[in-house]
Amino acid sequence: MTKVVIDRFDGGLAETKYPNRRNVAADMHHCDIYTDPRLLKNHRALERDVNQSGSYEFYVLDAVRRSDGKILGVGYASSVSTQARFFRKNNDDITSYWQTGSVAAGNAPYYNGAIAFKDAVYCLSYSGTSNSIYRYDGDSNTTSMVSTFTESGSGAEIPKPIVHPQDGKLYMGIGKTVFVWDGSAGTVTTGITTPNTIVALSYWGTYVAIGCVDGQGRSLTYLWGRDTTITTFQEVIPFGDDRLVLLANLNGVLIGVSTRSTATTFLDAKVKVRGYAGGTPKLLKEYITDSTTNIAGVYTVWKDVLYFLDRNQSSPYPYLWSFHFNRDGEPALGKDRTALNDSDPTTYSYNFFNIHDYFFFANNTGKLTRTYDAQPLYSTHDSIYTFPRNTGIDLKDQPKLKRLSSVYVRAYANSAGYGTLKLEYSIDGGSFTTLFSETSPSGKNNYVVECLNDLNGDPLGEGRDIQFRLTFDQGIDIAEFGYDYEPVETTI
């Protein structure tokens, strides 16, 4: 008899069907793998935010928190008026309502054109090739236009603006232009040549990193020394033969996320993560997705984790991807949390932002949803974690016929004991069969659910490929999963 124990869950998504590592998943949904590497946690659900009239329909697209705690946002007036507006929460509490400014902040706002700079919020709005930058300090209902420039963007989205930590200046990239704002004057600079277009903006060391794609889907990144009198670049870095979506600085490593869809030149849709720390970018993670994946260039870095949005418009609908280096330094790519409120099950999100631990999602129907604030972390939205086939099984036993003799899950219940924990298994690629579905006991207790037979009382199955799937909710933490198996003597 051989025992398999899985007690770490921080490896993210496996890149192969039969990985050697035990801390990885074949798939995951709404799972927190970052807070504690030895716990698989259920994320909080989402709830709708409200405005001053108690309505759920208002159009905040992006927001930031000022150093004094005030929350300032950017969006537009209504479903029939796309003029940009500034918003603010009526107090510093995350759960307080949104107030809508009555003064327009230019024309249509870019989805991710808001940024905090020198304790104000800036909004970039556009009409055709005319781009206007507006400033709002949050203390009055007045706004001011600080600068304009002309450049063709690519619809309602631009690369996320940045403030470079070396010079404290604001940088925005559109089309083939980088706009620089120091708080009193703006400078427009360009060195991007056809067919390249700016799709991403970040920083690396003293440089501004400008991510571009050409007309053939190839990607590259320019490192620019921030001298606006010079339109040449210090270095050009190839970032692969797929489409770069975003750049972000993660603890000094320049991370580039790329996607590719199925087309005449590609067999599989993929998400790729590359890292640059000098020399040549290294492919850190590669994951085959489905054709509905729609990675957007909107992201945030919070607590050493990079989060980015999938605007998927069909099931499983929008959710956040995540990337981080776990405590052993291993790169981990994950499907982090749903972007859906269960009351709006078929919407999709234009943008997302976070105010510290609270994540907000702006969806296509004007609803702004955010992380549920009630304790103790109750969430009726299921977390699903699918283990790879033959997880933890010795390489010599992988191809052999194997018989299961027992399976168990060790978990922690929330204080009220409302959660449900379900375990399913699949043999040789067949449909998943439920082994148990148990309501957790009351109290924050360490408890174990063990299974020696299936739901019909029959012995557990045997096969060459064995796979398990956990579904859990309402604050249950998974601490350990394990099973016993023995090889069955065959001619192979």
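Keep in mind that what you see is a predicted model, and the values were worked out from it rather than measured.
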Charged N to carboxylate O below 4.0 Å: is that the case for [X] and [Y]?
X: R8; Y: D328; value: yes
X: R226; Y: D167; value: yes
X: K303; Y: D357; value: yes
X: R38; Y: D36; value: no
X: D119; Y: R65; value: no

Can you confirm whether the side chains of [X] and [Y] place a donor and an acceptor under 3.5 Å from each other?
X: H381; Y: H29; result: yes
X: D336; Y: W321; result: no
X: N23; Y: D10; result: yes
X: D27; Y: T386; result: no
X: D182; Y: S184; result: yes

Classify the ring geometry between Y171 and W224 as parallel (under 30°), tilted (30 to 60°) or perpendicular (over 60°).
perpendicular
Going by side chain to side chain donor-acceptor pair (under 3.5 Å), W98 matches just one of N51, D49, N90. Which one?
D49
Between S125 and A84, the two heavy atoms sitting closest are CB-CB, 4.2 Å
Mind listing the closest non-hydrogen atom pair of D139 and K70 along with its distance?
OD1-CE, 3.9 Å
Hey, does the side chain of [X] reach the backbone of [Y] with a donor-acceptor pair shorter than 3.5 angstrom?
X: S96; Y: N91; value: yes
X: D382; Y: I384; value: no
X: K176; Y: N196; value: yes
X: H30; Y: T338; value: yes
X: K367; Y: A362; value: no

If you measure from OH on Y372 to CZ on R48, what distance do you get to the nearest 0.5 Å?
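The distance works out to 14.0 Å.
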When you look at CZ of R135, are more than 12 heavy atoms from neighbouring residues, nucleotides or ligands closer to it than 6.0 Å?
yes
Test Y307 against every option in F352, F359, F360, W302 by the ring pair (Phe, Tyr, Trp, His ring centres under 6.0 Å) rule and name the one that passes.
F359
